[in-house]
Amino acid sequence: MKKHWHRRHIIEAFVKAVMIFSFIIVAGSLGLILWTVISRGLPALTWSMVSQTPKGGFYLGKEGGILNAIIGSLYLAGGGTLIALLFSLPIALYLETYLGDSRRGQYVRLALDILWGIPSIVYGAFGFIVMLAFGLRASLLGGIIALALIELPIMTRAMDEVIRRMPADLEQAALALGSTRLEIATRVVTRQMLPGIVTAILLAFGRGIGDAAAVLFTAGYTDRIPASILQPAASLPLAVFFQLGMPYPEVQKRAYASALILTIIVLAISLGSRWIAGRLSKYVMK
Amino acid sequence: MDAHIQIKNLNAYYDDIQALKDVNIELPRKQITVIMGPSGCGKTTLLKTFNRFLELTDKTSITGEVLIDGQNIYERDIDVTEVRKRVGLLAQRPFPLPMSIYENVAYGMHIHRMKNNRNEYRKAVRHYLEVAGLYDEVKTRLTNPATSLSIGQQQRLCLARGLAVEPEIILGDEPTSALDPVSSQHIEGRLLGLKEQYTIVIVTHTLRQAKRLADYVIYMYMGEVVESGPAKEVFNNPKQERTRAYLEGQF
Ligand SMILES: Nc1ncnc2c1ncn2[C@@H]1O[C@H](COP(=O)(O)OP(=O)(O)O)[C@@H](O)[C@H]1O
Ligand SMILES: [Mg+2]
């Protein structure tokens with residue numbers, strides 16, 4: 001039978017072309033971003049960039065590095081993720097065990113999805129107002145709390161999905177062998193859910209470490225590595241922002257080097273989480 | 001008859017639906033008892049009362065007694081995990097634990113602390129995999145995930161896993177209904193081999209399987225036990241008209 005070019009074939013070809021075009025646009029942008037960051041940042045990426053804090057005149061092109069921002073970002077995102085984890089796991093468990101698919105459960109999920117969509121500058125401004133009310137200055141603690149708020153809905157929803165995908169048969173299989181609830185929770189359910197939970201944690205960490213707006217008012221910026229959680233803390237996104245705003249080419253190059261460092265960290269986290277999740281999920285029951 | 005399980009005046013309810021009506025039966029020790037009957041007649045419900053699984057479903061209730069070796073498993077001070085250790089279950093679809101093949105078999109022995117050292121566990125795992133007829137197929141890949149096995153192999157793994165906690169009774173709820181014919185035959189063969197050591201209770205909806213396996217038969221209809229007795233008698237010479245109708249394929 002010969003193929004005739006009917007309307008449906010034309011539509012199919014057209015839609016396919018649209019899809020391919022969209023894909024090229026997105027993949028191309030991603031490639032272009034990576035290329036810009038690498039080509040401009042790599043030449044300025046020296047050992048002293050990652051091993052030193054800014055010295056006098058660093059923002060004029062003199063020596064130093066952004067160790068303050070690297071450490072600051074790890075502290076901020078690490079602390080934020082830890083706090084978000086402490087709250088999101090109980091919330092997700094509560095959602096699953098007590099609310100389920102009930103109307104109230106749906107409202108809680110809707111609320112979390114709305115929180116997910118709120119721009120981070122709003123979190124930053126909110127955190128700032130709260131800190132003012134308590135008479136606190138910009139500090140590592142403030143930044144950690146702001147990031148925890150941003151990460152909370154992401155992590156909670158991700159864990160909610162993980163728990164919802166938990167097969168009911170699994171519990172029965174373990175009960176049939178005479179397991180106690182505690183044994184099921186610690187030896188069976190964790191094995192089943194760990195890959196999803198690790199992914200949720202690292203997803204939230206990635207979001208937290210890349211955020212500039214939330215930490216701008218709450219964590220401030222400093223050239224020193226914070227010695228306590230009440231001192232201000234620098235962060236990589238803000239390091240990029242401030243250096244890019246300087247009128248000196250050397251400093252601007254360092255902004256790209258900082259962006260490259262941030263990109264590498266985020267990339268390492270997402271590849272690492274895929275690797276870990278892949279290894280752990282070998283055993284997971286579908 | 002040497003009864004291993006005795007059921008007395010047993011009624012079971014899902015909320016206000018009565019699924020079992022005044023069941024009074026005895027199941028013989030170290031034989032295969034087959035529970036048969038049309039779909040929805042309460043076979044699964046009856047089986048679930050033997051290992052206290054019915055209470056896992058919300059709003060269920062039970063009156064009456066289920067005695068294992070004369071001990072009512074619904075008495076107040078009974079340790080339910082101990083009941084489930086003594087009464088193993090082979091489910092309708094195999095459901096391995098999210099672990100390796102080895103760990104699946106070792107899991108139950110670990111939680112009940114049944115062995116003293118690694119070597120004993122290793123030997124026991126091998127033994128039960130052999131009993132389930134799976135060892136030769138998996139001996140080179142014991143650390144692989146259980147999910148890497150075929151459905152039929154998974155069901156044999158579940159059998160090994162259940163046997164490893166040393167039950168006296170094995171329950172099977174249509175344990176071959178999800179399997180291909182060859183795997184089903186495999187499982188049936190294992191069950192026949194195990195009846196020297198275990199009391200086995202199998203639910204089946206196929207009459208042919210019932211005839212292949214049964215030493216003792218329970219025929220149920222609409223929540224009631226219509227007839228029970230040695231397989232030969234029930235199959236060749238049913239006392240009840242409803243049993244005869246079922247056996248002649250009028251369902
Ligand atoms: N979870 C449940 N909730 C309400 N009714 C149920 C439930 N499970 C079974 N039933 C009812 O109990 C009766 C017996 O069911 P079941 O024991 O599963 O039958 P069988 O295994 O013989 O097919 C059926 O009428 C069924 O509708
Ligand atoms: Mg059934």
Side-chain angles (χ1 to χ4, degrees), chain A residues 89 92-102 104-105 158-159 161-200 273-286, chain B residues 47-48 50-57 79-114 143-149 154 157-167 170-173 178:
Chain A
L89 196 56
L93 286 171
Y94 174 67
L95 255 176
E96 178 59 23
T97 16
Y98 294 100
L99 299 182
D101 276 332
S102 69
R104 274 200 295 162
M159 289 194 182
E161 288 304 317
V162 172
I163 297 173
R164 254 136 73 100
R165 268 188 275 118
M166 173 78 194
D169 287 353
L170 185 55
E171 198 186 14
Q172 302 232 335
L175 282 173
L177 296 167
S179 313
T180 61
R181 297 265 168 199
L182 185 65
E183 283 157 356
I184 294 176
T186 55
R187 289 167 179 257
V188 180
V189 172
T190 18
R191 293 289 289 268
Q192 176 78 8
M193 301 202 315
L194 207 55
I197 288 180
V198 169
T199 309
S273 77
R274 276 178 164 259
W275 185 74
I276 294 172
R279 279 194 62 114
L280 294 175
S281 64
K282 260 198 335 189
Y283 297 103
V284 164
M285 292 299 301
K286 301 290 175 332
Chain B
L47 208 66
K48 281 182 173 177
F50 297 177
N51 67 343
R52 295 199 40 183
F53 253 38
L54 199 62
E55 63 207 52
L56 299 178
T57 308
D79 177 3
V80 63
T81 59
E82 194 56 34
V83 171
R84 292 178 187 149
K85 179 178 175 299
R86 285 172 61 183
V87 184
L89 173 70
L90 203 52
Q92 205 157 357
R93 325 192 96 264
F95 209 95
L97 302 172
M99 308 168 182
S100 70
I101 295 168
Y102 178 93
E103 289 170 304
N104 258 276
V105 184
Y107 171 83
M109 297 189 282
H110 275 300
I111 60 169
H112 296 293
R113 301 206 165 72
M114 294 168 66
T143 55
N144 283 16
T147 44
S148 65
L149 299 174
Q154 286 184 17
L157 180 66
C158 290
L159 180 61
R161 172 181 82 184
L163 294 176
V165 299
E166 297 175 10
I170 303 169
L171 309 177
D173 189 358

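Letters go in sequence order (proteins before strands), and every chain restarts at 1. Note: hydrogens, waters and symmetry copies are ignored here, and every other heavy atom, side chains too, is used.
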Original post:
Measuring heavy-atom distances to chain B, does A:Gln172 have an atom under 4.5 Å in its side chain, in its backbone, in both, or in neither?
Top reply: both
Subject >> Per-residue contact mode, B:Glu103 against chain A (heavy atom under 4.5 angstrom) >> reply: side chain
Original post:
chain A heavy atoms under 4.5 Å from B:Phe53: which part of the residue, side chain, backbone, both or neither?
Top reply: side chain
Subject >> Atom group of B:Ser100 that falls short of 4.5 Å from chain A, counting heavy atoms >> reply: both
**OP:** Give, as side chain, backbone, both or neither, the part of A:Val188 having an atom under 4.5 angstrom from any heavy atom of chain B.
**Re:** both
Original post:
Of all of A:Ala173, A:Ala176, A:Gly178, which one pairs up most often with chain B through heavy atoms under 4.5 Å apart?
Top reply: A:Gly178
Subject >> Structural part of B:Pro96 lying under 4.5 Å from a heavy atom of chain A >> reply: both
Subject >> A:Lys282 NZ to B:Thr147 OG1 distance, which is reported to the nearest 0.5 Å >> reply: 9.5 Å
Subject >> Minimal non-hydrogen separation, A:Tyr283 against B:Met99, with atom names >> reply: CD2-C, 3.3 Å
**OP:** Using non-hydrogen atoms and a 4.5 Å limit, figure out which bit of B:Val87 sits close to chain A: side chain, backbone, both or neither.
**Re:** backbone
Original post:
For chain A, which of B:Leu97, B:Asn51, B:Val165 has the most heavy-atom pairs under 4.5 Å?
Top reply: B:Leu97
Subject >> chain A contact via B:Arg161 - which portion, at a heavy-atom distance below 4.5 Å >> reply: both
**OP:** Please state whether the side chain, the backbone, both or neither of B:Asp79 comes within less than 4.5 Å of a heavy atom of chain A.
**Re:** neither
